[in-house]
Undergrad: 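Below are the structure tokens for one structure; questions will follow.
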Amino acid sequence: MAILVIAEHDNAVLAAATLNTVAAAQQIGGDIHVLVAGQGCGAVAEAAAKVAGVAKVLVADHAAYAHQLPENLAPLMAELGKTYSHVLAAATTNGKNVLPRVAALLDVDQISEIVKVLAPDTFQRPIYAGNAIATVQSTAAVKVLTVRGTGFDAVAGEGGSASIEPIASVTDAGISRFVGEEIAKSERPELTAAKIIVSGGRGMQNGDNFQLLYSVADKLGAAVGASRAAVDAGFVPNDMQVGQTGKIVAPQLYIAVGISGAIQHLAGMKDSKVIVAINKDEEAPIFQVADYGLVGDLFEAVPELERAL
Amino acid sequence: MKILVPVKRVVDYNVKVRVKADNSGVDLANVKMALNPFCEIAVEEAVRLKEKGIASEIVVVSVGPAAAQEQLRTALALGADRAVLIESADELGSLAVAKLLKALVDKEQPQLVILGKQAIDSDNNQTGQMLAALSGFAQGTFASRLEIADERATVTREIDGGLQTVSLALPAIVTTDLRLNEPRYASLPNIMKAKKKPLETVTPDALGVSTASTVKILKVEAPAARSAGIKVGSVAELVEKLKNEAKVI
């Protein structure tokens with residue numbers, strides 16, 4: 001049997017999360033096919049064909065798929081998916097949006113956010129904000145899974161030479177339409193792909209003070225994140241949120257500044273290799289997970305850190 | 001317009017759960033239970049639509065044990081008009097829950113179904129999308145803004161790179177993200193009034209829905225513990241450690 005991996009992309013570039021999903025598919029074992037559904041997404045298909053371990057790329061190129069509307073995509077994915085043993089997508093907002101719809105059309109349960117493959121039918125996933133790890137087994141004819149990127153090292157984006165095959169069938173359910181989007185433009189790396197992340201919490205006091213973190217981040221080539229408290233307070237936009245309901249990250253170095261360490265924030269970053277906490281409250285729970293803790297005023301420590309780098 | 005709001009009884013978000021010694025699950029004995037935070041946002045959004053004169057009736061529904069009546073009463077105190085408990089002692093998966101809700105959608109014919117995007121216990125983030133698929137409705141997941149006009153729902157969604165806005169034909173499914181609204185607290189008079197609002201109990205059998213699952217939980221373990229490290233005395237010491245000990249910068 002073969003495995004179908006749903007490519008994550010914006011019609012121009014294949015998102016890095018796809019490489020982690022392919023890695024999970026390799027651990028399951030079997031021929032790996034990648035579905036690229038979009039509009040004018042030829043370059044994405046070419047990129048997917050070069051990904052190590054991919055045998056075939058299926059391309060559904062049509063206006064109905066331009067904005068990844070799940071009402072149109074799910075029937076296509078379910079139709080293709082029923083001939084595979086597994087259908088996998090990255091646990092991005094896109095994957096989370098469309099894949100349960102695919103699972104329901106296939107009349108199977110979905111297993112969300114797997115972090116480990118134990119056997120082709122047995123997986124591990126965090127529950128209760130990562131305070132417990134469940135081992136789950138699926139008897140479904142088609143196993144539908146979203147993959148948490150931090151659990152799987154990305155496969156190489158080069159070296160493969162898969163065939164590319166167009167898919168003709170088109171579904172336009174006609175019940176939803178794309179209106180617009182506001183995508184944050186940043187020169188800094190993406191949170192989920194960054195090797196170093198500097199994050200700010202309520203202790204930053206306002207959005208302007210995040211400039212302190214941007215300065216440190218730019219010296220380190222780091223991404224900037226935030227706790228839910230900082231996002232809820234309106235300091236920074238929601239796409240910067242790290243946590244149970246925001247982005248799950250596991251960089252080499254995570255620097256938490258003015259973040260107390262609520263359970264739901266720790267759920268999003270505790271798999272980071274090295275954690276640094278800077279907080280004036282020495283009782284803050286963040287220090288219980290930090291490799292290096294600095295108790296002090298962030299408004300003194302952060303500028304000093306920037307100068308020292 | 002009738003709005004259906006499915007809600008879930010979960011462990012209170014402030015509780016740090018512990019795994020049972022026999023690895024069969026997490027220990028929920030004597031633990032504080034509450035309305036799932038995202039479901040609370042869903043109820044609030046429905047109530048605001050009613051206050052604006054857009055919604056005419058709000059029906060809350062929960063799939064769970066008899067004790068979930070408590071959370072339904074909370075939703076009624078927040079402003080829902082009546083409640084339905086689909087009683088099931090077993091912890092059901094998202095697909096089974098979506099099938100039960102589909103049966104209720106068929107019966108109640110709501111124009112809008114608002115759900116939380118995920119429950120903070122199973123962290124599945126599936127039920128709304130599955131219900132949308134089974135009902136053939138459009139879906140606006142992870143909503144931070146919702147407007148209803150001209151037989152359509154305009155939903156602004158929180159996505160990885162920022163925000164996306166979609167326009168959905170009604171009936172539609174909306175799942176809530178954190179920034180959609182700030183739920184109110186129930187007032188004492190409303191809590192008293194909620195006790196008199198209708199609450200109907202049905203069984204999955206009565207709805208003619210099979211709740212069989214294709215997924216089995218083999219065991220539940222505590223995650224690998226992360227031990228606290230050291231406190232450094234200065235920024236200089238921190239930089240030195242990161243360079244020479246951790247070697248990450």
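Here is the naming used below: chain letters follow the sequence lines, and residue numbers restart at 1 for every chain. The shown structure was predicted, so the numbers you read here are calculated from the model rather than taken from an experiment.
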Undergrad: With a 6.0 Å cut-off (strictly less than), is the heavy-atom count around NZ of B/Lys2, excluding the residue itself, greater than 12?
TA: yes
Undergrad: What part of B/Arg18 gets closer than 4.5 Å to chain A, counting heavy atoms only: side chain, backbone, both or neither?
TA: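 For B/Arg18, no heavy atom lies under 4.5 Å from chain A.
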Undergrad: Looking only at side-chain N and O atoms, does A/Tyr292 offer a donor or acceptor that is under 3.5 Å from a partner on B/Glu237?
TA: no
Undergrad: So if I take each residue of residues 128-146 of chain B and look for any heavy atom under 4.5 Å from a heavy atom in chain A, which residues do I end up with?
TA: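 Listed by number: B/Gln129, B/Met130, B/Ala132, B/Ala133, B/Leu134, B/Gly136, B/Phe137, B/Ala138, B/Gln139, B/Thr141, B/Phe142.
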Undergrad: Does the pair A/Asp291/B/Arg226 count as a salt bridge with the N-to-O cut at 4.0 Å?
TA: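 Yes, A/Asp291 and B/Arg226 are salt-bridged.
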Undergrad: Would you mind checking which part of A/Ile263 comes under 4.5 Å of any heavy atom in chain B, side chain (CB onward), backbone (N, CA, C, O), both or neither?
TA: side chain
Undergrad: How far apart are the closest heavy atoms of A/Asn238 and B/Ile159, and which atoms are they?
TA: ND2-O, 4.2 Å
Undergrad: Relative to chain B, which segment of A/Arg125 carries a heavy atom at a distance below 4.5 Å: side chain, backbone, both, or neither?
TA: side chain
Undergrad: Could you look at A/Lys143 and say if it's the side chain, the backbone, both or neither that has a heavy atom under 4.5 Å from chain B?
TA: neither
Undergrad: What part of A/Thr122 gets within 4.5 angstrom of chain B, counting heavy atoms only: side chain, backbone, both, or neither?
TA: side chain
Undergrad: With a 4.5 angstrom heavy-atom cut-off, which part of A/Val102 approaches chain B: side chain, backbone, both or neither?
TA: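 Neither the backbone nor the side chain of A/Val102 comes within 4.5 Å of chain B.
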Undergrad: Side-chain donor-acceptor pair under 3.5 Å between B/Asn125 and A/Ser112, yes or no?
TA: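 Distance-only check fails for B/Asn125 and A/Ser112.
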Undergrad: So, do B/Leu163 and A/Glu181 sit near enough that their side-chain heavy atoms are less than 4.5 Å apart?
TA: no
Undergrad: Tell me, side chain or backbone of B/Leu238 under 4.5 Å from chain A's heavy atoms, or both, or neither?
TA: side chain
Undergrad: Quick one: what part of A/Ile196 sits under 4.5 Å from any heavy atom of chain B, side chain, backbone, both or neither?
TA: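 Only the side chain of A/Ile196 comes within 4.5 Å of chain B.
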Undergrad: Relative to chain A, which segment of B/Ser234 carries a heavy atom at a distance below 4.5 Å: side chain, backbone, both, or neither?
TA: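 When you check distances to chain A, only backbone atoms of B/Ser234 fall under 4.5 Å.
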Undergrad: Let me know if B/Ser227 has heavy atoms under 4.5 Å from chain A in its side chain, its backbone, both or neither.
TA: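 Backbone only.
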Undergrad: Could you go through the salt bridge (charged side-chain N to carboxylate O under 4.0 Å, His left out) check for A/Asp109 and B/Lys216 one step at a time?
TA: CA-CA 10 Å; A/Asp109 291 278; B/Lys216 184 164 77 185; over 6 Å; no
Undergrad: Against chain B, label A/Glu71 side chain, backbone, both or neither, depending on which of its atoms sit under 4.5 Å from a heavy atom there.
TA: side chain
Undergrad: Would you mind checking which part of A/Pro237 comes under 4.5 Å of any heavy atom in chain B, side chain (CB onward), backbone (N, CA, C, O), both or neither?
TA: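 Contact with chain B involves no heavy atom of A/Pro237 at all.
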Undergrad: Taking side chain as everything from C-beta outward and backbone as N, CA, C, O, which of these in A/Leu220 sits under 4.5 Å from a heavy atom of chain B? Side chain, backbone, both or neither.
TA: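 Only the side chain of A/Leu220 comes within 4.5 Å of chain B.
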Undergrad: Below 4.5 Å from any heavy atom of chain B, which atoms of A/Gln124 appear? Answer side chain, backbone, both or neither.
TA: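 Just its side chain gets close to chain B.
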Undergrad: So what's closer than 4.5 Å to chain A heavy atoms on B/Ala98: side chain, backbone, both or neither?
TA: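 Contact with chain A: none, neither part.
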Undergrad: Does a donor on one side chain sit under 3.5 Å from an acceptor on the other, for A/Gln241 and B/Arg179?
TA: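 Distance-only check passes for A/Gln241 and B/Arg179.
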Undergrad: How about A/Glu182: does its CD atom have over 12 heavy atoms from other parts shown lying under 6.0 Å from it?
TA: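 Not buried by this count: 12 neighbours or fewer within 6.0 Å.
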